[in-house]
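Written out below as structure tokens is the structure these notes cover.
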Amino acid sequence: MSARVVVVGSVNVDLVVTIGTLPRPGETVTGGTFARHGGGKGANQAVAAARLGAEVALVAAVGRDDLGSGALEELAAEGVDVSGVLRRDEPTGVALITVDRSGENSIAVASGANAALSGEAVAAALDAWLADEPGVVLLGFEVPDAAVLAGARAAREAGWTVMLNPAPARALPDDLMVLGPLLTPNADEARTLSGSPSAADAARALADRTGAPVLVTVGADGALLCDDGSLAALPAPAVGVVDTTGAGDTFNGALAAELAGGGALHDAAELAILAAALSTTRAGARGGMPRRDELGAERG
Ligand code: RIB
């Protein structure tokens, strides 16, 4: 069975300074090194799913600039179908990222063309994909609500599984929640979205809203799975962390690929946690994203 994943989300170019400590507001820290990487949560998720063997299409928007052309070339080289990525007059999204010696990061994003992805454009781009054998549509919050809602509605109507990674966190519209998406916030996002101080309570509160399972990622501790009223803690393996950028994206892309391939939610989440852990062992959002044979080796 082929695993079909369509990602509706963002494309950025990541400008990364790796440095001893993250600068505080108003502080200048010197001594860093610079690298440029492909980024954007949506594009990263698409690459993570493609590396695990899924058939992946990306619906997104980039500028008509060199950064946009380069981003599309990189994605196509990863096997991602970019025929649904629109070119817009706005500049391609850019993320300024600092990564400290523990692998922690801070990220400032200029959304550019990502903010110009309309609901109509998403619905039109999805048409070609959703007519076929169902899979998973993975949506993210680095594009406007209208784009997310159009993607969720089209996916639901076509009988595809709807996954929503609400990152970065913003209010969850009721119109979206009634479609019952599988939510995958990290712990901070879950707390913000639910108003609950604990990640476990947040997972339960969000599941009550959607009537669907919720997976809350908790960094090096793995994830909490709230399914059918019960809560399970799924641990992550200990790894040598170099850069946590894109770990959540790897989790989401891997989870979508596994679910689209017919995997059960619990098993798919365990594999996604392993993929996300491995992704932190190299620099860049996509640097450590594993291919399927690497996961096999880790699982023994
Ligand atoms: O999740 C990591 C991503 O967030 C980076 O690639 C950056 O582009 C931002 O979108």
Side-chain angles (χ1 to χ4, degrees), residues 7-18 22 34-51 58-63 65 67-68 70-72 74-75 78 80 85 90-100 103-117 138-144 147-148 163-170 184-190 192 215-220 223 241-256 272-273 275-290:
V7 179
V8 179
S10 57
V11 178
N12 292 332
V13 172
D14 291 352
L15 306 179
V16 184
V17 172
T18 302
L22 302 182
F34 171 74
R36 190 174 122 178
H37 300 290
K41 296 183 194 302
N44 295 340
Q45 291 160 358
V47 171
R51 287 196 187 167
L58 177 63
V59 177
V62 298
D65 45 20
L67 292 184
L72 294 188
E74 276 177 22
L75 289 164
E78 292 279 355
V80 174
V85 180
E90 291 77 1
T92 295
V94 170
L96 296 182
I97 302 180
T98 43
V99 178
D100 72 11
E104 227 11 279
N105 63 46
S106 72
I107 304 180
V109 176
S111 297
N114 293 304
L117 186 64
L138 170 55
L139 306 146
F141 268 1
E142 282 192 324
V143 294
V148 176
M163 256 179 82
L164 171 61
N165 175 227
R170 64 169 181 254
T184 59
N186 67 23
D188 281 343
E189 290 155 359
T192 302
L215 271 159
V216 177
T217 54
V218 286
V241 175
V242 172
D243 183 356
T244 57
T245 311
D249 305 334
T250 306
F251 175 87
N252 278 279
L255 183 70
I273 290 168
L278 293 176
S279 79
T280 66
T281 60
R282 296 209 187 127
R286 303 176 196 164
M289 276 178 186

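Ligands are counted one by one from 1 in listed order, and the atoms in each one are counted from 1 as well. All heavy atoms count here, side chains included; hydrogens, waters and symmetry mates do not.
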Is there any N or O on Asn12 that sits under 3.5 Å from an N or O of ligand 1? yes
Report yes if some N/O of Asn44 lies less than 3.5 Å from some N/O of ligand 1; otherwise report no.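 Yes: some nitrogen or oxygen of Asn44 is under 3.5 Å from one in ligand 1.
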Is there side-chain contact between Asn105 and Thr244, with at least one heavy-atom pair below 4.5 Å?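 Yes - at least one pair of side-chain heavy atoms lies under 4.5 Å apart.
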Report yes if the side chains of Asn165 and Phe141 come closer than 4.5 Å at any heavy-atom pair, otherwise no. no
Check ligand 1 against Ala95 and write out every atom of the ligand that is under 4.0 Å from a heavy-atom position of the residue. 7 (C), 8 (O)
If the contact criterion is a heavy-atom separation under 4.0 Å, does Gly40 count as touching ligand 1?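 In this structure, Gly40 qualifies as a contact of ligand 1 - some heavy atom is under 4.0 Å.
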Glu142 side chain to Lys41 backbone, donor-acceptor under 3.5 Å: yes
What protein heavy atom sits nearest [atom], and how far away is it?
{"atom": "atom 7 (C) of ligand 1", "value": "Asp14 OD1, 3.3 Å"}
{"atom": "atom 9 (C) of ligand 1", "value": "Glu142 OE2, 3.5 Å"}
{"atom": "atom 4 (O) of ligand 1", "value": "Lys41 NZ, 3.2 Å"}
{"atom": "atom 2 (C) of ligand 1", "value": "Asp249 OD2, 3.2 Å"}

Does this structure show an ion pair linking Glu74 with Arg286, if we count only N-O contacts that are shorter than 4.0 Å?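 The answer is yes: the pair qualifies as a salt bridge.
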Just checking Arg170: does its CZ atom have more than 12 heavy atoms from other residues, nucleotides or ligands closer to it than 6.0 angstrom? yes
The single option from Leu22, Val17, Val16 passing side chain to side chain contact (heavy atoms under 4.5 Å, CB included) against Val99: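 The single option meeting the side chain to side chain contact (heavy atoms under 4.5 Å, CB included) with Val99 is Val16.
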